[in-house]
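These notes concern the structure reproduced below.
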Amino acid sequence: MRVVVLTGAGISAESGIPTFRGPDGLWEGHRVEDVATPEAFVRDPEFVHRFYNMRRNKLLSPEIQPNAAHIALANFEARPGIEFLLITQNIDDLHVRAGSKNVLPMHGELLKARCLDTGELFPWREDLSMGTPHPKHPERLGRLRPHIVWFGEVPLGMDQIEDAAHRADLFLAIGTSAVVYPAAGIVQWTKPSCRRVEINMEATPQSNRFHESLRGPASQLVPKYLDEL
């Protein structure tokens, strides 16, 4: 069975990570335009760095751990006969920590830094600033940015995502608001015979495209649903 899973902020919210955007349109108290666009980084890179430094430090704090939904997905992937791709809109590493192997973080990874000149990626758990030395060229300062896909940038792995969606027998969307594209449109790429299941706290703009919609916390519903498959 070919299984494609899309996860959003809702699955990590139960682990203590704030959701991407609140009802007031702010991202953790900041305007999206000020912290999540290339233009914001050009305008005030130190401010943007401070924002992601806070998020990185939060992610690395001991109380942030994978929850039952993350673990259930990892266990499901390990079943025999499953061809599995886990696409996540989240920039945390909780799926990997839970044991998932085939994870595609379409919006980037908070625990990586990217070279502005070459695009090279580096594992990163420390703060970043415009005074941070380049790992390979210490004389070059301020040439790293968070490895995050900002608004106006193309998400990662889109060809792989589209191919997997076309081939999927089961598509699960978990904890995603279905308002940010192209992630919200992945369900539309699945074939007519694909079983489409949405697990979310509330209805989304894409709910009518799913065969089944389950309402409630991911940590409760995901293990139950996967156990019953």
Side-chain angles (χ1 to χ4, degrees), residues 6-13 15-22 25-66 70 86-98 100 103-158 160-161 175-177 179-184:
L6 172 68
T7 65
I11 196 171
S12 292
S15 291
I17 295 178
T19 53
F20 170 73
R21 203 176 345 184
L26 299 180
W27 190 7
E28 297 179 33
H30 299 278
R31 293 195 320 141
V32 169
E33 295 83 355
D34 292 335
V35 294
T37 65
E39 294 78 12
F41 188 68
V42 170
R43 184 172 60 249
D44 193 345
E46 290 291 5
F47 180 80
V48 174
H49 275 313
R50 286 196 299 272
F51 176 75
Y52 289 98
N53 290 343
M54 288 188 294
R55 299 197 76 203
R56 191 181 301 108
N57 290 331
K58 173 73 172 177
L59 176 58
L60 292 171
S61 59
E63 69 270 17
I64 302 297
Q65 297 294 333
H70 295 104
L86 199 168
I87 306 159
T88 185
Q89 297 172 265
N90 301 332
I91 59 175
D92 60 63
D93 65 337
L94 296 182
H95 284 301
V96 174
R97 280 199 238 171
S100 290
V103 181
L104 198 166
M106 66 182 299
H107 291 160
E109 298 172 81
L110 189 56
L111 298 185
K112 289 185 180 178
R114 188 194 317 163
C115 177
L116 289 165
D117 302 315
T118 66
E120 186 175 4
L121 299 179
F122 303 95
W124 207 269
R125 301 172 73 88
E126 308 299 327
D127 285 352
L128 280 171
S129 74
M130 295 307 289
T132 301
H134 191 284
K136 291 186 175 179
H137 308 281
E139 72 282 0
R140 289 162 50 190
L141 304 179
R143 302 311 298 162
L144 298 176
R145 59 164 276 183
H147 180 49
I148 306 299
V149 176
W150 289 323
F151 284 95
E153 298 180 325
V154 178
L156 307 174
M158 290 308 302
Q160 183 183 352
I161 291 170
T176 176
S177 62
V179 295
V180 177
Y181 282 83

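One-based numbering along the sequence shown. Values below: every heavy atom of this structure, side chains too, minus hydrogens, waters and symmetry copies.
- Within the 4.5 Å cutoff, side-chain heavy atoms of Leu144 are placed close to those of Pro135.
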Quiz item: Where do Val154 and Val149 land on the side chain to side chain contact (heavy atoms under 4.5 Å, CB included) test, with the steps shown first?
Solution: CA-CA 7 Å; Val154 178; Val149 176; over 6 Å; no

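- Qualifying side-chain hydrogen bond (donor to acceptor under 3.5 Å, both in side chains) partners for Ser177, counting only residues two or more places apart in sequence or in other chains: none.
- Residue pairs meeting the ring pair (Phe, Tyr, Trp, His ring centres under 6.0 Å) criterion with at least one partner in residues 110-141, sequence neighbours excluded, are Phe122-His134, His134-His137.
- Between Pro45 and Met130, the closest heavy-atom pair is CB-SD, 3.6 Å.
- Screening residues 87-97 for salt bridge (Lys or Arg N to Asp or Glu O under 4.0 Å), with sequence neighbours left out, gives Asp93-Arg97.
- Residues forming a salt bridge (charged side-chain N to carboxylate O under 4.0 Å, His left out) with Asp117 (at least two apart in sequence, or on another chain): Arg140, Arg143.
- Residues forming a salt bridge (charged side-chain N to carboxylate O under 4.0 Å, His left out) with Arg125 (at least two apart in sequence, or on another chain): none.
- Proximity of Leu59 to Arg56: side-chain heavy atoms (C-beta onward) are nowhere separated by under 4.5 Å.
- Considering only residues two or more places apart in sequence or on other chains, Thr118 meets the side-chain hydrogen bond (donor to acceptor under 3.5 Å, both in side chains) condition with none of them.
- A salt bridge (Lys or Arg N to Asp or Glu O under 4.0 Å) check over residues 36-54, counting only residues at least two apart or in different chains, returns the pairs Asp34-Arg43.
- When the ring pair (Phe, Tyr, Trp, His ring centres under 6.0 Å) test is applied to His49, the partners found at least two apart in sequence or on another chain are Phe41.
- Scanning all heavy atoms of the two residues, the minimum distance from Asn90 to Ser12 falls at ND2-OG, 3.4 Å.
- Using a 4.5 Å heavy-atom cutoff, the side chains of His70 and Thr7 are not in contact.
- With contacts defined as side-chain heavy-atom distances shorter than 4.5 Å, the pair Thr132/Ser129 qualifies.
- In this structure, Leu156 CG and Ile87 CD1 are separated by 12.0 Å, a value rounded to the nearest 0.5 Å.
- For His147, the ring pair (Phe, Tyr, Trp, His ring centres under 6.0 Å) test picks out no residue, with sequence neighbours left out.
- In this structure, the side chains of Ser15 and Gln65 stay at 4.5 Å or more apart for every pair of heavy atoms.
- Sorted by first then second residue, the salt bridge (Lys or Arg N to Asp or Glu O under 4.0 Å) pairs that include residues 144-154, not counting sequence neighbours, are Arg145-Glu153.
- By the 4.5 Å heavy-atom criterion applied to side chains, Leu94 and Ile17 are counted as neighbours.
- Between Ile64 and Lys58 there is a side-chain heavy-atom pair separated by less than 4.5 Å.
- Going from atom CG of Leu121 over to atom CZ of Arg114 covers 7.0 Å, rounded to the nearest 0.5 Å.
- Note on residues 126-139: pairs passing salt bridge (Lys or Arg N to Asp or Glu O under 4.0 Å), not counting sequence neighbours, are Glu120-Lys136.
- In this structure, Tyr52 and Trp150 have tilted ring planes: the angle between them lies in the 30° to 60° band.
- Remark: Thr176 engages Leu6, Gln89, Ala173 in a side chain to side chain contact (heavy atoms under 4.5 Å, CB included) (not counting sequence neighbours).
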